[in-house]
**Q** 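Below you'll find the structure I mean.
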Amino acid sequence: RITLQHALDQDRVAHAYLFAEPRGVGKTTLARIFARAVNCTARKTGGEPCNLCPSCQAILTNSSLDIIEIDAASQTGVDNVRENIIQSAHSIPSMAKRKVFIIDEVHMLSTAAFNALLKLLEEPPAHAMFILATTEVHRIPETIVSRTQRFDFKKIGIDDIVQRLKSIATAEQRQVDADVASRIARRAGGSIRDAESMLGQLFSFEEKHITGEIAD
């Protein structure tokens with residue numbers, strides 16, 4: 001994240017990034033924040049988006065035409081890449097400074113789709129930026145990987161997951177026993193998304209105070 005902050009502060013953002021491994025650690029979330037920061041017109045020191053300018057507001061409300069998210073798991077074919085990425089990439093942004101393509105589970109693309117994407121990464125439009133996210137980087141052709149700035153994510157530590165769960169509980173006006181939060185964090189195996197899902201299941205009970213007995 002520090003490297004991305006420096007790139008923003010120095011206005012040296014690359015045209016393509018690869019966020020790799022493991023699942024549920026916030027790759028897509030960071031991609032969205034980065035896309036917002038790149039286009040923010042009142043960016044804070046440290047690369048943080050202001051979340052108030054027209055560009056930030058458009059992205060936060062999912063009304064921006066310049067941030068295109070694609071789930072490669074359901075759009076594997078070359079036709080989808082041509083229609084949703086290549087054609088769109090060559091058109092200028094409607095409002096933002098850069099048109100950002102976030103391609104989740106990019107390893108699911110077909111060979112033909114990868115070849116089409118490669119040509120775009122070799123000669124990217126100046127206004128376009130690509131963020132590829134994957135849980136299986138070994139399935140992505142090296143020709144694609146070599147044309148990106150690669151960031152390998154790590155599993156989230158238990159203490160960090162516990163703090164996140166406490167924060168969610170506070171926001172929801174709930175109380176979660178410390179041992180329950182710790183058990184969830186350990187079971188999540190480093191995935192913040194899985195931990196949040198397990199906490200959500202416990203919140204489906206009406207009790208405001210989630211004890212170990214309820215969690216069992």
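As the structure is a computational prediction, the values presented were derived from the model and not from experiment.
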**Q** Checking the side chain of Asp71 only, and the main-chain atoms of Ala73 only, is there a donor and an acceptor separated by less than 3.5 Å?
**A** yes
**Q** With distance as the sole test, does Arg43 use its side chain to make a donor-acceptor pair with the main-chain N or O of Ala37 at under 3.5 Å?
**A** yes
**Q** Search all heavy atoms of Leu199 against all heavy atoms of Ile168 and return the closest pair with its distance.
**A** CD2-CG2, 3.8 Å
**Q** Residues sharing Leu60's hydrophobic cluster, by side-chain heavy-atom contacts under 4.5 Å among ILVMFWY, directly or via others?
**A**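 Result for Leu60 is none, singleton.
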**Q** Using a strict 4.0 Å threshold on nitrogen-to-oxygen distance, state whether Asp216 and Arg183 make a salt bridge.
**A** yes
**Q** Which distance, rounded to the nearest 0.5 Å, do you find between the CD of Gln175 and the CD of Glu207?
**A** 12.5 Å
**Q** Should Val25 and Lys154 count as side-chain neighbours, where that means a heavy-atom distance under 4.5 Å?
**A**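 They are not in side-chain contact.
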**Q** Treat each ILVMFWY residue as a node, draw an edge where side-chain heavy atoms are under 4.5 Å apart, and state whether Leu165 and Phe203 are in one component.
**A** yes
**Q** Hey, mind stepping through Asp194 and Arg23 against side chain to side chain contact (heavy atoms under 4.5 Å, CB included) and telling me if it holds?
**A** CA-CA 9 Å; Asp194 288 352; Arg23 63 182 297 274; 2.6 Å; yes
**Q** Minimum heavy-atom separation for Gly77 to Ser110, with atom names?
**A**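 The answer is CA-OG, 4.1 Å.
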**Q** With a 4.5 Å heavy-atom cut-off, do Thr28 and Phe19 have their side chains touching?
**A** no
**Q** Check the pair Asn51, Arg36 against side chain to side chain contact (heavy atoms under 4.5 Å, CB included), reporting the backbone distance first and the verdict last.
**A** CA-CA 8 Å; Asn51 296 329; Arg36 200 159 70 240; 2.8 Å; yes
**Q** Treating Ile, Leu, Val, Met, Phe, Trp and Tyr as nodes and any side-chain heavy-atom pair under 4.5 angstrom as an edge, say whether Ile67 and Ile33 lie in one connected cluster.
**A**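 Shared cluster, no.
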**Q** Do Val13 and Leu8 touch side chain to side chain, with heavy atoms closer than 4.5 Å?
**A** yes
**Q** Considering only heavy atoms from C-beta outward, does the side chain of Met95 approach that of Asn39 to under 4.5 Å?
**A** no
**Q** Hey, is CD on Gln173 packed in by over 12 heavy atoms from elsewhere, all under 6.0 Å?
**A** no
**Q** Measure the CG-OH distance between Leu4 and Tyr17 for me, rounded to the nearest 0.5 Å.
**A**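 Spacing of CG (Leu4) from OH (Tyr17) equals 6.0 Å.
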**Q** Would you say that Arg12 contacts His6 through its side chain, given a criterion of any heavy-atom pair below 4.5 Å between the two side chains?
**A** no
**Q** Any idea which heavy atoms bring Cys56 and Pro49 closest together, and the distance?
**A** SG-CB, 3.9 Å
**Q** Hey, are the side chains of Phe151 and Lys27 touching, using non-hydrogen atoms and a 4.5 Å cut-off?
**A** no
**Q** Would you name the heavy atoms of His127 and Ser91 that are closest together and state the gap between them?
**A**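 It is NE2-O, 3.0 Å.
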**Q** Minimum heavy-atom separation for Ala169 to Val176, with atom names?
**A**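 What the structure gives for the nearest pair is CB-CG2, 3.8 Å.
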**Q** Check whether any side-chain N or O of Arg98 sits under 3.5 Å from a backbone N or O of Val38 as a donor-acceptor pair, and report yes or no.
**A** no
**Q** Using the rule given for side chain to side chain contact (heavy atoms under 4.5 Å, CB included), can you reason through Lys208 versus Arg174, listing the C-alpha separation, both sets of side-chain angles and the distance that settles it, and then say yes or no?
**A** CA-CA 5 Å; Lys208 291 290 185 179; Arg174 298 286 193 101; 3.8 Å; yes
**Q** Distance from Ser204 atom OG to Leu202 atom CG, nearest 0.5 Å?
**A** 7.0 Å
**Q** Could you tell me whether Asp152 and Arg150 have a side-chain N and a carboxylate O separated by less than 4.0 Å?
**A**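 Yes.
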**Q** Roughly how far, to the nearest 0.5 Å, is CD1 of Ile2 from CG of Asp9?
**A**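 With rounding to 0.5 Å, CG (Asp9) is 11.5 Å from CD1 (Ile2).
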**Q** With rounding to the nearest 0.5 Å, note down the distance linking OG in Ser55 to NZ in Lys97.
**A** 8.0 Å
**Q** Which residues pass the side chain to side chain contact (heavy atoms under 4.5 Å, CB included) test with His138, not counting sequence neighbours?
**A** Glu136
**Q** Tell me whether Val162 is reachable from Met198 by hopping between hydrophobic residues (I, L, V, M, F, W, Y) whose side-chain heavy atoms are closer than 4.5 Å.
**A** no
**Q** Distance from Glu123 atom CD to His90 atom NE2, nearest 0.5 Å?
**A**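 These two atoms lie 8.0 Å from each other.
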**Q** Checking the side chain of His107 only, and the main-chain atoms of Pro141 only, is there a donor and an acceptor separated by less than 3.5 Å?
**A** no
**Q** Please check this pair: side chain of Ser63 against backbone of Ala58, looking for a donor-acceptor N/O pair closer than 3.5 Å.
**A**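 Yes; at least one donor-acceptor contact below 3.5 Å.
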**Q** Would a 4.5 Å heavy-atom cut-off, applied to side chains only, mark Val100 and Ile59 as touching?
**A**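 Side chain of Val100 against side chain of Ile59, heavy atoms only: no contact under 4.5 Å found.
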**Q** Counting only N and O atoms by type, is there a donor-acceptor contact under 3.5 Å from the side chain of Lys99 to the main-chain atoms of Ser88?
**A** yes
**Q** Measure across Ser94 and Leu65 and return the closest heavy-atom pair with its distance rounded to 0.1 Å.
**A**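 The answer is OG-CB, 3.6 Å.
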**Q** With hydrophobic residues grouped by side-chain heavy-atom distances under 4.5 Å, do Leu52 and Phe34 end up in a single group?
**A**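 No, no single cluster joins them.
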**Q** Are any of the side-chain heavy atoms of Gln201 and Ser197 separated by less than 4.5 Å?
**A**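 In short, these two side chains touch, coming nearer than 4.5 Å.
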**Q** Who clusters with Phe130? Use side-chain heavy atoms, under 4.5 angstrom, across I, L, V, M, F, W and Y, and order the result by chain and number.
**A**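 The other cluster members (ILVMFWY side chains, heavy atoms under 4.5 Å, direct or chained) are Leu18, Ile68, Ile70, Val81, Ile85, Ile86, Phe101, Ile103, Val106, Leu109, Phe114, Leu117, Leu118, Leu120, Leu121, Leu132, Val137, Ile140, Ile144, Val145.
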**Q** Should Ile102 and Arg32 be marked as a side chain to side chain contact (heavy atoms under 4.5 Å, CB included) after you check the CA-CA gap, both sets of side-chain angles, and the distance that decides it?
**A** CA-CA 8 Å; Ile102 300 173; Arg32 292 169 182 155; 4.1 Å; yes
**Q** Could you tell me whether a side-chain N or O of Thr170 sits under 3.5 Å from a main-chain N or O of Lys166, the two making a donor and an acceptor?
**A**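 Checked: pair present.
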